[in-house]
Amino acid sequence: MDRVRVRFAPSPTGPLHIGGVRTALYNYLFAKKNGGTFILRIEDTDQARFVEGAEEYIMESLAWCGIKIDEGIKEGGKYGPYRQSDRKDIYRQYADLLIDRGDAYYAFDTPQELEQLRIEAEKAGSTFIYNAAVRGMLKNSESLPKNVSDEKLNSGEPYVIRYKMPRGEEFHFDDIIRGSIVVNTDTLDDKVLFKSDGMPTYHLANIVDDHLMEISHVIRGEEWLPSLPLHYMLYRSFGWQPPLFAHLPLLLKPDGKGKLSKRDGDKMGFPVFPLYWPYGETAKGYREEGYYPEAFINMLALLGWNPGTEQEIFSMQELIDAFSIDRVGKSGSRFDPEKAKWFNHMYLQKRTNTELAMEFREILRTKGLHLDMGELGDLVGMVKERVTFVKEIWDQTDFFFKAPESYDPDAVKKRWKGDSPDMLKELKAVLEKISDFTPASTERSVKSWIESKGYNTGAVMNAFRLVIVGSLRGPHMYDIIGWIGKEETLKRIDKGISSLGKKQ
RNA sequence: GGUCCAUUCGUCUAGUGGUUAGGACGUCAGGUUUUCAUCCUGGUAACAGGGGUUCGAUUCCCCUAUGGACUACCA
């Protein structure tokens with residue numbers, strides 16, 4: 001195989017959606033697996049849709065995901081510039097070349113005229129296609145006498161350059177994922193290659209850049225499959241060797257129908273973007289929701305690709321080693337937010353207590369709490385396995401920091417019995433005598449006291465939990481009181497007894 | 001409407017011309033636990049339908065159905 005060079009070529013029209021991130025990821029994995037180069041090319045030929053901040057967003061997203069760009073706007077490279085608006089001067093000559101070869105022509109039809117034709121066709125129950133069948137009846141350099149056409153060009157009348165799709169040809173081409181595909185060129189249209197504003201369309205710019213940048217494999221979304229024949233045709237007209245193409249299946253909505261769209265996130269309560277999008281209509285991001293990039297990438301990689309083994313947890317390097325484009329599926333994948341959470345849970349479990357403590361410390365800081373790392377590490381270790389996100393640690397540990405201000409009514413009803421106050425008074429006396437207030441020693445003393453008195457363990461411990469935590473949740477009681485300390489423990493027992501009182 | 005693409009548990013998927021059709025998420029049940037959660041064990045659940053080809057099709061072919069993409073001087 002020649003040197004592998006792939007590109008991810010998004011348009012800066014807004015935040016990058018997770019489908020786009022997956023496309024970038026597969027390109028990256030394929031490149032790294034084959035010792036190739038991953039290129040980021042910004043396709044901003046549509047000036048009307050350009051969105052400020054989108055380009056930066058794309059780059060920051062890839063960086064967050066750990067997808068490293070080899071050649072691009074910031075990285076540089078021998079094939080630059082890597083932004084199509086900076087390559088504007090390149091495209092015109094290729095459009096002219098096609099005209100010289102008779103594979104393209106000038107068209108003067110106005111957008112309004114074409115719109116009218118479409119409406120009329122629709123009324124008649126058909127679809128208007130600008131192709132060989134109607135070319136001769138429209139305003140272009142194929143139908144008009146040469147002098148009329150030249151006059152229009154010279155007078156500065158707006159025009160576009162269209163590809164002259166051949167008539168009645170059975171055209172064969174290949175896709176790595178789909179296999180071989182055949183279309184009749186009569187069903188294709190004379191696509192605009194060069195717009196009246198002086199910019200190329202996607203089709204022209206894409207083919208020219210892929211050729212000039214020596215792209216070996218084009219890995220992109222399935223929405224491009226219908227224009228693949230045109231792209232092959234363009235390579236043929238230029239006399240260039242086309243790259244290999246792989247069209248990825250789309251990401252679908254978790255419920256209902258259709259492909260995942262930008263609006264789905266807020267509607268269904270999960271992000272569809274890697275990062276928070278701060279402009280205009282803001283959108284949530286995985287990063288801000290508390291996902292680890294490793295988990296996010298792992299989840300995305302497995303949506304449409306699988307290694308053929310039962311392994312599900314992959315580091316980026318493992319993904320690179322295992323990746324093969326042959327194992328990319330053919331059908332669209334429905335995105336499952338629950339599975340995404342599971343991946344994050346798994347990655348969080350792999351973090352050390354110290355790492356988690358450092359992350360959690362940032363959250364505590366916003367609450368005005370400052371603790372040393374040793375204490376925090378112990379705390380986090382008690383609850384890490386019950387959380388999916390670092391931010392959930394607070395929900396699991398709030399009672400460590402403050403005595404309950406109220407007691408869960410259901411728990412009180414169920415666990416606060418008539419003899420609870422007396423039992424807790426006795427328990428308090430037992431605890432008071434313990435000088436070495438560690439989980440091991442409190443557990444030993446309390447257990448032997450319960451045993452000697454013949455009490456029911458559940459009755460004691462649940463009432464105890466109620467006054468310490470405020471509800472029936474949390475880690476083991478001895479771990480909790482070991483962390484909050486003897487003094488605080490005794491205080492909470494007193495407070496609980498006086499607040500809850502005797503059961504009526 | 002037209003063109004193209006797709007179709008295995010609810011979801012992501014493995015898989016083969018003859019399998020008890022496997023795994024994961026979810027869900028349900030049981031166990032562990034002083035609580036909740038975790039965890040462990042187990043269960044549930046799928047080859048869209050119809051024709052072929054074949055000794056035998058989930059697997060190969062055709063049709064239908066369903067879903068999806070595209071159908072712009074957007075990418």
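In what follows, chains are A, B, ... by sequence order, proteins preceding strands, each numbered from 1.
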Problem set entry | Evaluation steps, ring pair (Phe, Tyr, Trp, His ring centres under 6.0 Å), between A/F270 and A/F335 | CA-CA 10 Å; A/F270 63 88; A/F335 172 71; 5.1 Å; yes
Exercise. Considering only side-chain heavy atoms of A/S331, which listed nucleotide, B/U38, B/A6, B/C25, is closest?
Worked result: B/A6
For this session: Identify which nucleotide among B/U3, B/U34, B/U13 has an atom closest to any side-chain atom of A/N462, counting heavy atoms from C-beta outward.
Result: B/U34
Exercise. Would you say A/R334 reaches B/U7's phosphate, i.e. side-chain N/O to OP1/OP2 under 4.0 Å?
Worked result: no
For this session: Hunt down the Watson-Crick or G-U wobble partner of B/C74, both distances under 3.5 Å, from any strand shown, or write none.
Result: none
For this session: Tell which nucleotide pairs with B/A21, taking only Watson-Crick or G-U wobble pairs whose two distances are both under 3.5 angstrom.
Result: none
For this session: Measure the acute angle between the ring planes of A/Y202 and A/H231, then classify it against the limits of 30° and 60° as parallel, tilted or perpendicular.
Result: tilted
Exercise. If pairing requires Watson-Crick or G-U wobble contacts with both distances under 3.5 Å, which nucleotide is the partner of B/C39?
Worked result: B/G31
For this session: Look through every strand shown and name the nucleotide pairing with B/U54 as Watson-Crick or G-U wobble, where both distances are under 3.5 Å.
Result: none
For this session: May I ask you to say what A/R220 touches in the nucleic acid, namely base, sugar-phosphate or nothing, with a heavy-atom cut-off under 4.0 Å?
Result: nothing
For this session: Using a 4.0 Å heavy-atom cut-off across all strands, classify A/G304 as base, sugar-phosphate, or nothing.
Result: sugar-phosphate
For this session: Could you check how far CZ of A/F314 sits from P of B/G23, rounded to whole Å?
Result: 18 Å
Problem set entry | Atom-to-atom span, NE2 of A/H247 to C1' of B/C5 - whole angstrom | 11 Å
For this session: Select base, sugar-phosphate, or nothing to describe what A/L252 touches, counting heavy atoms under 4.0 Å on all strands.
Result: nothing
Problem set entry | Whole-Å gap separating C1' (B/U7) and CD (A/E222) | 12 Å
Problem set entry | A/F399 side chain near A/I484 side chain, heavy-atom distance below 4.5 Å | no
Problem set entry | Check ion pair A/K339-A/D336 (N to O, under 4.0 angstrom) | no
Exercise. When you measure from the side chain of A/K330, which nucleotide among B/U3, B/A6, B/U35 comes out closest?
Worked result: B/A6
For this session: Between protein and nucleotides 70-75 of chain B, map the contacts as a letter string: B base, S sugar-phosphate only, - none, heavy atoms under 4.0 Å, written 5' to 3'.
Result: S-SBBB
Problem set entry | Whole angstrom value for the distance that separates C1' of B/U3 from CE of A/M165 | 12 Å
Exercise. Which of the following nucleotides, B/A6, B/C4, B/A24, is nearest to the side chain of A/W342?
Worked result: B/A24
For this session: Among the candidates B/G15, B/A69, B/C25, find the nucleotide nearest to the side-chain atoms of A/L250.
Result: B/A69
Exercise. A/M477 side chain: which of B/C4, B/U34, B/C12 is closest?
Worked result: B/U34
Exercise. Within this structure, what is the CG-to-P distance between A/L225 and B/G67, rounded to whole angstrom?
Worked result: 20 Å
Exercise. Once you round it to whole Å, what is the distance between C1' of B/C12 and CD of A/E310?
Worked result: 14 Å
Exercise. Partner of B/A69 by Watson-Crick or G-U wobble geometry, both contacts under 3.5 Å, or none?
Worked result: B/U3
Exercise. At their closest point, which heavy atom of A/F273 faces which heavy atom of A/P15, and how far apart are they?
Worked result: CE2-CG, 3.5 Å
Problem set entry | Nucleotide B/C12, atom P - distance to CZ of A/R22 in whole Å | 12 Å
Problem set entry | Note: A/E113-A/K139 ion pair, threshold 4.0 Å (strictly below) | yes
For this session: Give the nucleotide from the list B/C5, B/U34, B/G15 with an atom nearest to the side chain of A/I181.
Result: B/C5
For this session: Determine whether A/L188 and A/N131 make a side-chain contact, defined as any pair of heavy atoms from C-beta on separated by less than 4.5 Å.
Result: no
Exercise. Does NZ or CZ of A/R220 lie under 6.0 Å from the centre of the six-membered ring of A/F245, at an angle within 45° of the ring axis?
Worked result: no
For this session: Choose from B/A24, B/C12, B/A6 the nucleotide whose nearest atom is closest to any side-chain atom of A/S333.
Result: B/C12
